[in-house]
**Q** 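I have a structure I would like to understand better, so I am pasting it below and will then ask my questions one at a time.
Predicted, not measured: the structure shown is a model, and the values here were computed from it. Residue numbers begin at 1 in each chain, while the letters A, B, ... track the order of the sequences.
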Protein chains: 2
Amino acid sequence: MRTAEREGRGRVPAHPEVGDVSLQQVLEALVDPVRRGIVRELYASDEDRACGTFDLTVSKSTATHHFNVLREAGLIRQRYVGTSRMNTLRRNEIEAVFPGLLDALLARGEA
Amino acid sequence: MRTAEREGRGRVPAHPEVGDVSLQQVLEALVDPVRRGIVRELYASDEDRACGTFDLTVSKSTATHHFNVLREAGLIRQRYVGTSRMNTLRRNEIEAVFPGLLDALLARGEA
DNA sequence: ATCGAAGTTCGATGGTGATCATACTTCGAT
DNA sequence: ATCGAAGTATGATCACCATCGAACTTCGAT
């Protein structure tokens with residue numbers, strides 16, 4: 001198999017199993033308001049979203065950093081489509097491992 | 001009224017309304033594993049607990065700092081009894097403002 | 001009135017993480 | 001084959017925060 005490891009540009013980035021991620025890591029990911037904003041947008045839209053389509057207040061390189069942190073915490077799944085990197089919330093997996101967490105964090109309209 | 005402001009040593013420390021605390025502040029309080037351990041013990045015991053009775057891995061001065069952070073985030077209530085400072089979880093108030101949050105964070109046996 | 005127990009206060013320190021600019025890569029479109 | 005758009009990599013900077021020790025305060029008990 002050759003194509004399985006590639007999709008778009010470069011290697012497919014590492015996506016841990018949500019069950020292998022510690023609560024500590026998840027909280028460290030979600031304590032940042034920019035990242036919580038990303039998760040909130042994904043939670044609301046329920047569609048693939050390219051990194052560039054988010055309403056972010058930080059530079060592109062910082063945005064890349066935040067998306068990486070979210071992916072490594074098992075919160076989002078990323079894949080390439082052309083030059084765009086599409087993002088989805090791993091909602092069901094998160095709910096299975098951390099039941100109620102996303103709802104509790106996103107319930108209020110807060111950033 | 002004179003005694004209302006005093007109870008045990010010094011002034012009664014400031015306890016914000018939970019509704020006035022931002023989710024950001026609550027998360028910043030709960031992202032620290034030592035503080036989450038304190039909350040977990042309070043959640044399990046459901047009784048007043050003196051600071052010194054907790055199973056903490058840090059020095060006394062650091063412990064004081066952590067309890068202060070939790071109080072200022074609206075998560076615990078503190079009062080003096082003799083030289084001891086007793087702590088309770090503000091469970092109902094937290095549940096009213098951030099429903100499901102404590103359960104989601106403390107569900108797993110994780111620190 | 002003394003002593004110890006329980007916390008507090010006060011700097012100092014060290015590590016971590018968010019941020020940015022710059023340079024670079026990769027892809028699609030022309 | 002070139003160009004621009006979308007992101008990535010890298011290195012630097014900066015602020016914040018957890019941590020500690022040492023000195024201090026306050027209270028109850030003797």
**Q** Calculate, to the nearest 0.5 Å, the distance between atoms NE2 and SG belonging to His66(A) and Cys51(A) respectively.
**A**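 Between atom NE2 of His66(A) and atom SG of Cys51(A) there are 12.0 Å.
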
**Q** Show me the pairs that pass ring pair (Phe, Tyr, Trp, His ring centres under 6.0 Å) and involve residues 18-37 of chain A, at least two apart or across chains.
**A**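 Listed once each, the pairs would be none.
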
**Q** Mind checking what makes side-chain contact (heavy atoms from CB on, under 4.5 Å) contact with Arg40(A), not counting sequence neighbours?
**A**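 Testing Arg40(A) for side-chain contact (heavy atoms from CB on, under 4.5 Å), a comparison that skips the adjacent residues, returns Leu106(A).
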
**Q** From dT19(D), dG7(D), dG7(C), pick the nucleotide closest to the side chain of Cys51(A)?
**A**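 Looking only at side-chain atoms, Cys51(A) lies closest to dG7(D).
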
**Q** Report the distance from atom CD1 of Ile76(B) to atom C1' of dG7(C), rounded to the nearest whole Å.
**A**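 So the two atoms are 13 Å apart, to the nearest Å.
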
**Q** Measure from CG on Asn87(B) to C1' on dA6(C) and round the result to the nearest Å.
**A**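 Those two atoms, CG and C1', are 12 Å apart.
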
**Q** Can you tell me the distance, in whole Å, between the CZ atom of Arg79(A) and the P atom of dA6(D)?
**A**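 It works out to 17 Å between those atoms.
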
**Q** Using heavy atoms and a sub-4.0 Å distance, could you list which residues of residues 23-33 of chain A are near DNA chain D? By number, please.
**A**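 Hits under 4.0 Å, by residue number: none.
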
**Q** I need the CE-P distance between Met86(B) and dA6(C), as an integer number of Å.
**A**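 Met86(B) atom CE is separated from dA6(C) atom P by 12 Å.
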
**Q** Can you tabulate the close N/O pairs, meaning under 3.5 Å, that link protein atoms to atoms of nucleotides 9-13 of chain D?
**A**
none

**Q** Sequence neighbours excluded, which residues qualify as side-chain contact (heavy atoms from CB on, under 4.5 Å) partners of Val26(B)?
**A**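 Val26(B): side-chain contact (heavy atoms from CB on, under 4.5 Å) contacts with Val21(B), Leu30(B), Leu75(B), Phe98(B), Leu101(B).
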
**Q** Does Ser84(A) make a side-chain N or O approach to OP1 or OP2 of dA6(D) shorter than 4.0 Å?
**A**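 No, because none of the side-chain N or O atoms of Ser84(A) sits under 4.0 Å from OP1 or OP2 of dA6(D).
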
**Q** Can you tell me how far C1' of dG7(D) sits from CG of Leu56(A), to the nearest Å?
**A**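 The distance from CG of Leu56(A) to C1' of dG7(D) comes to 13 Å, rounded to the nearest Å.
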
**Q** Whole angstroms only, please: what is the CG-C1' distance between Leu70(A) and dG17(C)?
**A**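 The answer, rounded to whole Å, is 14 Å.
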
**Q** Got a list of protein N/O to nucleotides 2-5 of chain C N/O distances below 3.5 Å?
**A**
none

**Q** For Arg49(A), which residues count as a salt bridge (Lys or Arg N to Asp or Glu O under 4.0 Å) partner, sequence neighbours excluded?
**A**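 Once residues adjacent in sequence are excluded, the partners of Arg49(A) under the salt bridge (Lys or Arg N to Asp or Glu O under 4.0 Å) criterion are Glu41(A).
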
**Q** Output all residues satisfying side-chain hydrogen bond (donor to acceptor under 3.5 Å, both in side chains) with Thr64(A), sequence neighbours left out; order by chain, then residue number.
**A**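 Residues passing side-chain hydrogen bond (donor to acceptor under 3.5 Å, both in side chains) with Thr64(A): none at all.
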
**Q** What nucleic acid atoms does His66(B) come within less than 4.0 Å of, heavy atoms only: base, sugar-phosphate, or nothing?
**A**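 Result for His66(B) = sugar-phosphate.
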
**Q** For the backbone of Val31(A) and the side chain of Glu28(B), can you confirm whether one donor and one acceptor N or O come within less than 3.5 Å of each other?
**A**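 No, the answer is negative, given that no donor and acceptor are paired below the 3.5 Å cut-off.
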
**Q** Taking only residues two or more places apart in sequence or in another chain, which ones pass salt bridge (Lys or Arg N to Asp or Glu O under 4.0 Å) with Glu110(B)?
**A**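 Counting only residues at least two positions away or on another chain, Glu110(B) forms a salt bridge (Lys or Arg N to Asp or Glu O under 4.0 Å) with Arg108(B).
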
**Q** Considering residues at least two apart in sequence or located in another chain, which fulfil the salt bridge (Lys or Arg N to Asp or Glu O under 4.0 Å) criterion with Asp48(A)?
**A**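 Salt bridge (Lys or Arg N to Asp or Glu O under 4.0 Å) list for Asp48(A), sorted by chain: Arg79(A).
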
**Q** Which dot-bracket string fits DNA chain D when only Watson-Crick or G-U wobble pairs with both atom distances under 3.5 Å count, crossing pairs get [ ], and | stands for a partner on a different strand?
**A** ||||||||||||||||||||||||||||||

**Q** Closer than 3.5 angstrom, by distance alone: can the side chain of Gln78(B) be matched with the main-chain N or O of Arg71(B) as a donor-acceptor pair?
**A**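 Such a contact is absent between Gln78(B) side chain and Arg71(B) backbone.
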
**Q** Taking only residues two or more places apart in sequence or in another chain, which ones pass salt bridge (Lys or Arg N to Asp or Glu O under 4.0 Å) with Glu93(B)?
**A**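 Counting only residues at least two positions away or on another chain, Glu93(B) forms a salt bridge (Lys or Arg N to Asp or Glu O under 4.0 Å) with Arg77(B), Arg90(B).
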
**Q** Hey, does the side chain of Ser59(B) come within less than 4.0 Å of dC20(D)'s phosphate (OP1/OP2), counting only N and O?
**A**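 For Ser59(B), the contact criterion (side-chain N or O under 4.0 Å from OP1 or OP2 of dC20(D)) is met.
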
**Q** Rounded to whole Å, please give me the gap between CD1 in Ile38(A) and C1' in dG7(D).
**A**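 Nearest whole value for this atom pair: 14 Å.
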
**Q** Describe the nucleic acid contact of Ala63(B) in one word from base, sugar-phosphate, nothing, applying a heavy-atom distance below 4.0 Å.
**A**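 Touches nothing.
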
**Q** What is the distance, to the nearest angstrom, from the NE2 atom on His65(B) to the P atom on dG21(D)?
**A**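 Rounding to the nearest Å, NE2 of His65(B) and P of dG21(D) are 16 Å apart.
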
